[in-house]
Amino acid sequence: PQRLQRNMRMAWRVAAVAVIGAVGASALCPALNGGPDRPATPHLPPNHPPLTRSDAPPLPGRASAASTRQYGAAVAALDLRAVQRDLKALFKDSQPEWPADWSDLPSGPNYGPLFVRLAWHCSGSYRTSDGRGGCRGGRQRFDPERSWADNTNLDKARSLLWPIKEKYGSALSWGDLFVLAGTTAIEDMGGPVLGFCAGRVDDVDGRWSQALGPSAEQEAIAPCEVNGECKPPLGSTTVGLIYLNPEGPQGKPDPTATVPTIRDAFGRMAMNDSETVALIGGGHAIGKSHGACPAGAGPPPNVDPVNPWPGECGSGRGPDTFTSGFEGAWTADPTTWDNSYFKGLTENVWEDWVGPGGHHQWRVRAANKSGVLEGKQGNASAATLRDGLMMLTSDVALLQDPEYLRLATEYARDVRAFSDMFAHAWYKLTTRDMGPATRCIGELRPPAQPWQYPLPPPPPPAALPDFMAVALEIKAVIHTPSPVLAPDVYDGVPTYAPLFVRLAWQCASTFRATDYLGGCNGARLRYPPENQWPINAELDRTLEVLAPIKAKYGNALSWADLIVLAGNTALEVSGSPQLKFCGGRTDASDGLGSEYLAPRVSGNASDPIALVKDTFTVMGLAERETVALMGGGHSLGMMHPRRSGFTGSWTATPTRLNNEYFRNLMDERWVTHKAEGTRVQYKALDKDLYMLQTDLSMRIDPNLEAIVMEYASDPATFVTEFVRGWEMMMNADRFDGPTSNLCDAPGAAVFTSEPVEPSTQ
């Protein structure tokens, strides 16, 4: 089949700036060194057209609003059972172009193990460090993933699926098809299946995988000094492999040294020991590895896109296949689900040898065969399998760790315990990147799992409070000092407005567009770890300022709604146009899930600019949105040494939302400044105005500087785009299926407040 073969270099979309986390308190991140004494750049002339595009590239798993709406409707009507029937027919229909394994067994040829590998390797790229990877988007079709060594010959698996993809069209995304094929194959071979979450939207290219490597982008944000010893935020120890080198660290067959690499690699996907051992055993309960000779698979797609991986061993297919370089099966019945993998692993003595593919692998020491791997078929083929069974160094490593050995022994004894753990771990493996269960659709989806961090269902609109009344009470609190936290005072007028804006931003800005984790729904910043992050200093006391309002309305008003509404009201008091508010958020009972959302930048000048920019890319913000939000946040309030280590205001009007920040950034001359007890920042020459290095970095980056110049010359455009970006971030986590937002649904609790007279201070 024809397959799209584009490899676009990912364009930087997001500003390297500290956004609203710095409002009235703490800066999120620093800037590049240099540039403070550049001469001011003149403003754009009046009525100058925009210098930058306003449309953002599609988010991961999203093509366009129109196409995703069409996909949402199509997949909701898709008969997944019919797709499964077609898949099961395909599994047994061996094709001469790429023959299925096991054609010599009575059970017949079976592509099932191939599709399990396809789904596993598509999903297993997920990492918790930034939410990247996973099968949503179907990016394994594109470089860099399609050319990874671990994905050798998976182009053939995708080609085999083309007739099914063609049959069901846009209703069946590639991402859904890959995962459903693997899940159905497990079920077809007698394995346990928890369910299937449909709704993966295909990406149009592989740019969201560029950071997984190998690429210049990966080297910029997550360099690996020694491939094979890569550290987080990379998801694998070896760039180009899904997890780790199964031959052992740096190809050395040392099971003991392999143990920590297994725990580390699976831990980067948030898999615990029970899940890890079950997944390894389940994946190796079926299928085989291919390493017919040392010659290799041939060039990958990024070298030879016309004839990738032709195979250098004989015909290159069937018994001559080279995929991983290891040769053999783990069990004597590799197309039937059982726990014989664990029985063979724990009841035999294994010895290292170099297999026909030229790699170290392990075989049963001849004098210690236990006989537990006797094939069910009882024929010559099964006997051959029994005598040629193998393990990898990463398998034998399970015998070298007390907890791994305990689990392997338990699973060898209790197939039901093994099957139950595998079913749950497989669903987690293939679904983690989809986010909350509310994004899943389809007749096969199971109940929400703990790792999806489910929230209570939203209340019906009739059960919600009068948000107009709540907003008026927030407005009254803004200028009323509270004994729990002193307000900022500007020109003699006390105000909590900048703090309320900061509170709402810090609550919402944990959102990741990569795996849909985070956001303000749930209000998890009330709990550890978020309430212990330095960037959230004193936000617990800010919540106490709002506590009387929460107590008055009780359960009808969630903390999440109150936090967002307080931010909206504070902005309106500061001169923002009326903001739309969408109520109906609910509150979490703990902070689970936030442990993966800790700020990725330290706040020091040593943070690479690429990493700072990537932080906002992960949030789903385009350059214009990020610069607008940063300008809006830095228009209000001031920095406090006790919160952020910085001091001073960005503007002379810190209670008004306007474009002075951008004018100051471009017009003033900035010199290095460090007051006692503070961190290095910048001060305007002869003026009491301050900037961070992140602010000044926008004068270095040409894309960002063009946006700054436009906003400095066109205050109306700045305010309009700030409002759009703010409303997007406040509602980004209000999921209604894979492509819709609850705030766009008919009857949603959306209101626009009455005009609020801005503060004159």
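Because the structure is a prediction, the values reported are computed rather than measured. We use all heavy atoms of the structure for the numbers below, so side chains are in, but hydrogens, waters and symmetry mates are not.
Residues passing the side-chain contact (heavy atoms from CB on, under 4.5 Å) test with E473 are I549, K552, Y553, sequence neighbours excluded. Here R127 pairs with D130 under the salt bridge (Lys or Arg N to Asp or Glu O under 4.0 Å) rule; sequence neighbours left out. Legend: residues meeting ring-ring contact (aromatic ring centres under 6.0 Å, His included) with Y453, ordered by chain and number and at least two apart, are absent. Contacts of F467 classified as ring-ring contact (aromatic ring centres under 6.0 Å, His included), with partners at least two apart in sequence or in another chain: F581. Considering only residues two or more places apart in sequence or on other chains, Y496 meets the side-chain hydrogen bond (donor to acceptor under 3.5 Å, both in side chains) condition with none of them.
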- Can V573 and F500 be said to form a side-chain contact (heavy atoms from CB on, under 4.5 Å), step by step? CA-CA 11 Å; V573 165; F500 288 174; over 6 Å; no
- Task: Go through the steps to decide whether E225 and K231 satisfy the test salt bridge (Lys or Arg N to Asp or Glu O under 4.0 Å), and finish with yes or no.
- Result: CA-CA 9 Å; E225 294 184 6; K231 307 300 181 185; over 6 Å; no
- Message: Does E721 form a side-chain contact (heavy atoms from CB on, under 4.5 Å) with V627? I'd like the steps, not just the answer.
- Response: CA-CA 9 Å; E721 298 191 357; V627 174; over 6 Å; no
- Message: Apply side-chain contact (heavy atoms from CB on, under 4.5 Å) to residues Q681 and T647 and explain how you reach the verdict.
- Response: CA-CA 8 Å; Q681 57 190 113; T647 189; 3.5 Å; yes
- Yes or no on side-chain hydrogen bond (donor to acceptor under 3.5 Å, both in side chains) for S209 and R139, after CA distance, side-chain angles and deciding distance? CA-CA 7 Å; S209 293; R139 291 181 295 272; 3.1 Å; yes
- Could you walk me through whether Y596 and D515 pass the side-chain contact (heavy atoms from CB on, under 4.5 Å) check? CA-CA 11 Å; Y596 305 113; D515 63 355; over 6 Å; no
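Counting only distance, with no hydrogens or angles, the side chain of D587 and the backbone of A560 share a donor-acceptor pair below 3.5 Å. A donor-acceptor pair under 3.5 Å links the side-chain atoms of Y711 to the main chain of R624, judged by distance alone. Remark: the backbone N or O of R526 is paired with a side-chain donor or acceptor of N531 at under 3.5 angstrom. R268 places a side-chain N or O within donor-acceptor distance of the main-chain N or O of S236, the cut-off being under 3.5 Å. D614 places no side-chain N or O within 3.5 Å of a backbone atom of T617 that could act as its donor or acceptor partner. Listed for the S482 side chain is no donor-acceptor partner under 3.5 Å among the backbone atoms of V545. Between the side chain of S215 and the backbone N or O of Q210 there is at least one donor-acceptor pair closer than 3.5 Å. For S129 (side chain) and P233 (main-chain N/O), a donor-acceptor pair under 3.5 Å exists by modelled atom type.
When all heavy atoms of G133 and L212 are compared, the closest pair comes out as CA-CD1, 4.1 Å. Of all heavy-atom pairs spanning L525 and L539, the tightest one is CD1-CD1, 4.1 Å.
Distance check: N703 CG to M698 CE gives 12.5 Å after rounding to the nearest 0.5 Å. The NZ atom of K683 lies 10.0 Å from the CD atom of E668; values are rounded to the nearest 0.5 Å. Taken to the nearest 0.5 Å, the CG atom of N568 stands 8.0 Å off from the OG atom of S576. Note that CD1 of I535 is 7.0 Å distant from OG of S509, once rounded to the nearest 0.5 Å. Atom OG1 of T626 is separated from atom CE of M619 by 7.0 Å, given to the nearest 0.5 angstrom. Taking OG1 of T237 as the start and CD of E229 as the end, the distance is 9.0 Å to the nearest 0.5 Å.
Side-chain polar atoms of D695 and Y661 form a donor-acceptor pair below 3.5 angstrom. Side chains of T653 and N658: a donor-acceptor N/O pair is present below 3.5 angstrom, by distance only.
When ring centroids are compared, F718 and F662 come within the 6.0 Å threshold. Aromatic ring centroids of H673 and Y682 lie 6.0 Å or more apart.
For R600 and F616, the positive end is not near the middle of the six-membered ring at less than 6.0 Å and at most 45° from its axis.
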Let me have the donor-acceptor pairs involving side chains of residues 727-735, under 3.5 Å, with sequence neighbours excluded, atom names and distances please.
residue: E727; atom: OE2; partner: K580; partner atom: N; Å: 2.8
residue: N731; atom: OD1; partner: R585; partner atom: NH2; Å: 2.8
residue: N731; atom: ND2; partner: E727; partner atom: O; Å: 3.3
residue: D733; atom: OD2; partner: C520; partner atom: N; Å: 3.0
residue: D733; atom: OD2; partner: N521; partner atom: N; Å: 2.6
residue: R734; atom: NH1; partner: C582; partner atom: O; Å: 3.0
residue: R734; atom: NH2; partner: G583; partner atom: O; Å: 3.3

